[in-house]
Structures are given as structure tokens and as C-alpha cells.
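Below: one structure, written as C-alpha cells.
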There are 2 protein chains.
Amino acid sequence: MHDHHAPQQAGVSYTGGGQLMPLSTLDRSQVDPVIRRLNVLRPLSMEARTSLEYAMLEGIQRAGAGEDLISEGDPVDSVRLVLSGWLCRYKTLEDGRRQIVNFLFPGESCDAHAFLLSVMDHSIAAMTPVVYTEIKRARFEGLVAADRALAEAFWCETLVNNAIQREWAINLGRRVAFERVAHLFCEIIERLRPVGMVEGNSCVMPVTQMDLADATGLSVVHLNRTVQELRASGLIVLRDRTLTITDLDALKDAALFSPSYLQLYRRA
Amino acid sequence: MHDHHAPQQAGVSYTGGGQLMPLSTLDRSQVDPVIRRLNVLRPLSMEARTSLEYAMLEGIQRAGAGEDLISEGDPVDSVRLVLSGWLCRYKTLEDGRRQIVNFLFPGESCDAHAFLLSVMDHSIAAMTPVVYTEIKRARFEGLVAADRALAEAFWCETLVNNAIQREWAINLGRRVAFERVAHLFCEIIERLRPVGMVEGNSCVMPVTQMDLADATGLSVVHLNRTVQELRASGLIVLRDRTLTITDLDALKDAALFSPSYLQLYRRA
DNA sequence: AAACCGCCTTCACGTAAGTTACGTCAATTA
DNA sequence: TAATTGACGTAACTTACGTGAAGGCGGTTT
């Protein structure tokens, strides 16, 4: 279903569009989402930022849509940080049933210390073309050993990820289809907002309805029905791969959405 | 629904049954599940064990069935470790719908570094009478700062917890009721086994069907139906608050259970 | 231009799961 | 002994959701 090719080395001197840029300008902006996110979780010193930036710039890679970055059962020996694109964590059952258990957006990391466990219990796939960076275990451990705030920021990352995972559990277990999809859209918008990927209450929606179905535990058909319902209710417009939430407060009410689990406004 | 009284201070010189015991004998055995579990995740030095044991013995507390140890929205300033009894993490929606998102068994910890976040995103309740210990933030940070293996053990704890959470997501999203309940029973048995709470393939099942329903995202009635089905299939016997799995391999097959996510056999 | 493909949409139908209501049983308490 | 209670069990009915097949539609290939 999902190819598992080794993602190609990307070379840091190219933008997503393929244009040549001066290194000093380009690199900073490329890894900026990660720095920004960590800095919200824990204020970082200039030195911490710089050392992390260097490490990130040396490991930049790309992957195409549908490609696995890492698969269930693979050993882990590095930390991956998302620079652009949408990814998901997913698990499958032997008979092919698939559940997306989380999305990964720019600035976020695959579990920072996952290498402490022997192998991956789930897979991570690119849902769109993505740019990410890979920091080897030893390098990463050096970074966090050298700076307490940086270590805590990655800790927080994992904890927030954990909280999101719990919210997904109640979403799948106790919300009905309409609430479930509404909740997912609320979460997407609120997670993309701090990365600057939301204008007004609009964002791109680059994934297929099949992916949305796998994320909400529904069949494609029923997901589609539910999207129709959401459109008919006037809460959203979903067209041309763009999601616009026309009445965010109403959508949040309908979804029983309460954003505290996202810890977006966390300060030290 | 769930009371939220401050759990009473327990006094370390009493056993669960209330008998007086010599301190030196009693204490070790009481906190043993935690040491054993951490030691499986990362081999601990004698010093690390001892310092942790001291810290644990000073903070021992009890809670009654149904009581919240900590509730959604509460600030966190300590780490809690389970010594005996069954607990659960749960979240509720405004209208009362409740989802248990995980169980907590003896030896396990509430997220070790949860105090890095501002407030709890979920509640933790005792499903049976429990004994646990509470270590204040500063004390805990001292412990993990002093011993790298200990810090890594707690890291692993969180990561394993995370993996379990993901497995629950696919359980709720993609397994049908029969598989779902079967999977929960498999998980319970395999998580209780290393703590010595399983004899053969039997363990106590001290929680109500309502709790099991909230854990599997089903209604009580449908959970009950499903339990009947499991009994009728000859895979389990559930009677007198005791669960016996008569054919564990068959139950695992039916549940599409693969234990790797539990990381039970993790070695450094 | 034709053929194709991935994705979305809609139909008709079947099944799984929720709801309500009531019955049973064992353990308390009066 | 009877009343009470809480957990478990059963049934009839309703609803939400899944399945499989078919058509539409824009974009890409040949």
C-alpha cells in the first residue's frame, strides 16, 4: 500500500521550488518552524538555537507523498523533525485495516527519544511531499545534554504529542462521526495556526478523503457523507484542496472541542 | 461522577491489610513493582534503586475506588507511581460521555515529566483501592539528574505509555467489538504478568463492565453482549471477578494482538 | 482526441452497535 | 424474611455506519 523507499538526500541549497538560494538566507527559514515551536514550549538560548540549527541543516532530506519515512518494526537510531509538508503516524492490522493515529505538521518531531526503545511500534508516512531533517542519536544526545532548556523543550514535545494521542482516543471512542470530523478539522486548524499555515480560518487540505477516513475511524463513504453534512450545515467550505471554516466557534461547539490539550500557549 | 477528595496519607508502616510490619521488610516489597519495572526498561545501579526507594517510601498514599488522584485542569507538581491496585486515565466530554484512554497497573507511573506542562489534560482515577507514592518535582528532578539510567528508564516508561496509547487508537478506530474486548483482555494479562499478578492465564478482574465499556468505546449493554460472545466462544471464563483465558493463543489471534508495542522484553 | 486514472460522490442494501425497558441474582440491611 | 441495592443479563427496536457497485469529473498520458 505504502512504498518504503529510502528517501533521497535533498541537499540543503535548494528550496522546495528548486531555486538556488544563498545558504545563509535559505537555511534559517527552512528550519525555522522547529525552532519556533520548541521556543514556545521552552524559551531557548541563542546558543541552543544555533547548535540545533546546524545539526538540522546537515541532515535535511525529502520524501514523496505516500512514502514511509520509517516503518513498523524498523530500528530507530535518529530523531526526525518536520520542516514542511503533512505526515501521519499509522498502524495497520494484518488484514489491511489502517488507522492513522496522529498527524505530524511542520515544526513537530517524531518522538525525540524513540531510540531508547528497540523498534518502531508504528509507521510514519508522508501524506504530501515533505522536507524533514534527521539527527543521529549521538548528535542529538550531545545537543540535549548541553542545554537543559532544549532537553525540556523536546520533553514537552513528547508530552504534548501524548496529550493529542489521548484526545484522539476519546474522539474515536466517544464522538459520533459528525463530531469526530468536526473535531479533526478544529485540531488541524489550531495546530497549523502557530506555524503560519492558516490565513483567517482557511488552510490547505492536501490529503485524500481516504486519509481523513483512516484518521477518524470511518469508511470513506461515511466520511464523505459526513463532510457533506458539515458543508450543508454551513460550518465549513471544503473545495479545491482548501478548507475554510466559516464559523469556527460553532464548529468547536459541534465538535465538543476544547483546545487545552494542545498546550499552544504554554509558557515556562 | 467521580469524587475528587484529597487521598489520605497512608503511613508506610501498614500493609494493605492493615497489619503492622517491620519497616525494613515491608517497605521494600511495597515499592518493588516500580523498581522491577524500571529495571526491565533500563538496568539500574544499586544506588539509583536505593535513592528512588527512599523517595518513594516517604510519599506513600492511598485512594479509594472511584476516587480521582488528579483531575483534568489540575496543576501538576509531582510524579505519581502506582504500588498496588488498578487505575485509569480518562477524559470526559461536556455531556458526560467518558472514555478511559489507558489503564495504570502496579509499577507504572503517571507521565514522569508531566509537570513540564501547565495542567492535566485528563484525569486519573482509582478503579480499585490503590496504594501509590507521590514524589515532588524538585525531589524527582534531583533523582533523575543524579543517575542517567534512571532518567532513561522514566523516559522509556513514557514512550511505552505512548505506544500503548497508539494501540488503543487503532483498537477504538478499527477493531470491531469482539476484537476490541479480546484485545483489551490480552493487553491486561500481558501487562499484569510481569508484575506477578497472573497465575497461569488467570487474573483478577476487579472493574465493572461499565469501566470496560468506557475503555473499549462501547455501551455497557453491547460490552455485555460481547463478553457473552467471548464466553460462548470458549476463549475466556469471566466469573467471580476473575478472568481466565482458556486459550490465549486463540484469543490473541481473534484480537489481532501483537505484543511488540508493550516492549515487555526490552533490554538495554 | 481518446483513453485512463485517482478521487469524489451517490445509490441500495446489510450489519453492527446504541437505546430503552425489564428480569435475574447475590450480597446487604432491616 | 423481606426489602434494598448494585451488577449483570436479555430482548425488541432504532439508528449509525459499513459494503459494493456505479457514475462523474478534472487532470494526465499516449
Side-chain angles (χ1 to χ4, degrees), chain A residues 1-3 64-67 86 93 95-99 127-129 170-184 204-233 236-243 254, chain B residues 1-2 64-66 86 93 95-99 127-128 170-185 204-233 236-243 254:
Chain A
M1 181 154 39
H2 284 269
D3 302 332
E67 204 174 302
W86 288 33
L93 300 179
D95 61 8
R97 276 174 284 176
R98 173 171 179 260
Q99 177 67 45
M127 297 196 292
T128 69
I170 189 168
N171 206 33
L172 292 166
R174 287 303 184 207
R175 273 185 265 253
V176 297
F178 188 88
E179 298 163 343
R180 233 183 267 185
V181 178
H183 191 276
L184 181 63
V204 291
M205 177 60 56
V207 301
T208 67
Q209 295 198 351
M210 186 69 224
D211 290 325
L212 294 176
D214 281 344
T216 49
L218 302 170
S219 65
V220 211
V221 175
H222 198 65
L223 177 100
N224 182 275
R225 270 198 286 254
T226 308
V227 170
Q228 307 300 339
E229 267 187 82
L230 279 162
R231 286 199 256 246
S233 70
I236 66 159
V237 175
L238 179 52
R239 205 179 55 211
D240 305 331
R241 314 228 142 234
T242 300
L243 170 69
Chain B
M1 181 152 41
H2 283 269
W86 289 33
L93 300 178
D95 61 8
R97 275 174 284 176
R98 174 172 177 258
Q99 177 67 44
M127 296 197 291
T128 69
I170 189 169
N171 206 32
L172 292 166
R174 287 303 184 208
R175 272 186 266 252
V176 298
F178 188 87
E179 298 164 342
R180 233 183 267 185
V181 178
H183 191 276
L184 181 62
F185 286 162
V204 291
M205 178 59 58
V207 301
T208 67
Q209 294 199 351
M210 185 68 224
D211 290 326
L212 294 176
D214 281 345
T216 48
L218 302 171
S219 66
V220 211
V221 176
H222 198 65
L223 177 100
N224 182 276
R225 271 198 286 255
T226 309
V227 170
Q228 309 299 340
E229 268 187 83
L230 279 162
R231 285 199 257 248
S233 70
I236 68 158
V237 176
L238 180 52
R239 204 178 58 210
D240 305 330
R241 313 224 143 237
T242 299
L243 170 68

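Sequence lines set the chain letters: A, B, ... in the order given, protein chains first and strands last, and positions in each chain run from 1. Every value quoted in this text rests on a predicted model; they were computed, and no experiment measured them.
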Under 4.0 Å, counting only non-hydrogen atoms across every strand here, what does [X] touch: a base, just sugar-phosphate, or nothing?
X         : value
Arg239(B) : nothing
Val176(A) : sugar-phosphate
Val221(B) : base
Thr208(A) : sugar-phosphate

Which atom names give the shortest non-hydrogen contact between Ala65(A) and Met127(A), and what distance separates them?
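That would be CB-O, 3.7 Å.
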
_Which heavy atom of Asp214(B) sits nearest to which heavy atom of Gln99(B), and what is that distance?_
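So the two residues come closest at O-NE2, 2.9 Å.
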
Checklist line | Donor-acceptor pair (no angle test) under 3.5 Å: Arg231(B) side chain, dG9(D) base | finding: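 There is none.
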
Whichever of Met210(A) and Arg174(A) has the more 5' nearest nucleotide on DNA chain C, that residue is Met210(A)

- Task: Answer yes or no: does a side-chain N or O of Gln209(B) lie under 4.0 Å from OP1 or OP2 of dG9(D)?
- Result: yes

> Can a side chain N or O of Asn224(B) be found less than 4.0 Å away from OP1 or OP2 on dG9(D)?
Replying inline: yes

Expressed in angstrom and rounded to an integer, what is the separation of [X] atom [atom1] from [N] atom [atom2]?
X         : N       : atom1 : atom2 : answer
Arg225(B) : dC8(D)  : CZ    : C1'   : 14 Å
Gln228(A) : dC17(D) : CD    : P     : 15 Å
Leu212(A) : dT9(C)  : CG    : C1'   : 15 Å
Glu229(B) : dA17(C) : CD    : P     : 9 Å

Task: Minimum-distance nucleotide to His222(A) side chain [options: dG18(D), dT10(D), dG18(C)] - done: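 Closest nucleotide among those given: dG18(D).
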
Rounded to the nearest 0.5 Å, the CZ atom of Arg175(B) sits from the CG atom of Leu172(B) at a distance of 9.5 Å

Going by atom types alone, do His183(A) and Arg180(A) pair a side-chain donor with an acceptor below 3.5 Å?
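Side-chain D/A pair, His183(A) to Arg180(A): absent.
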
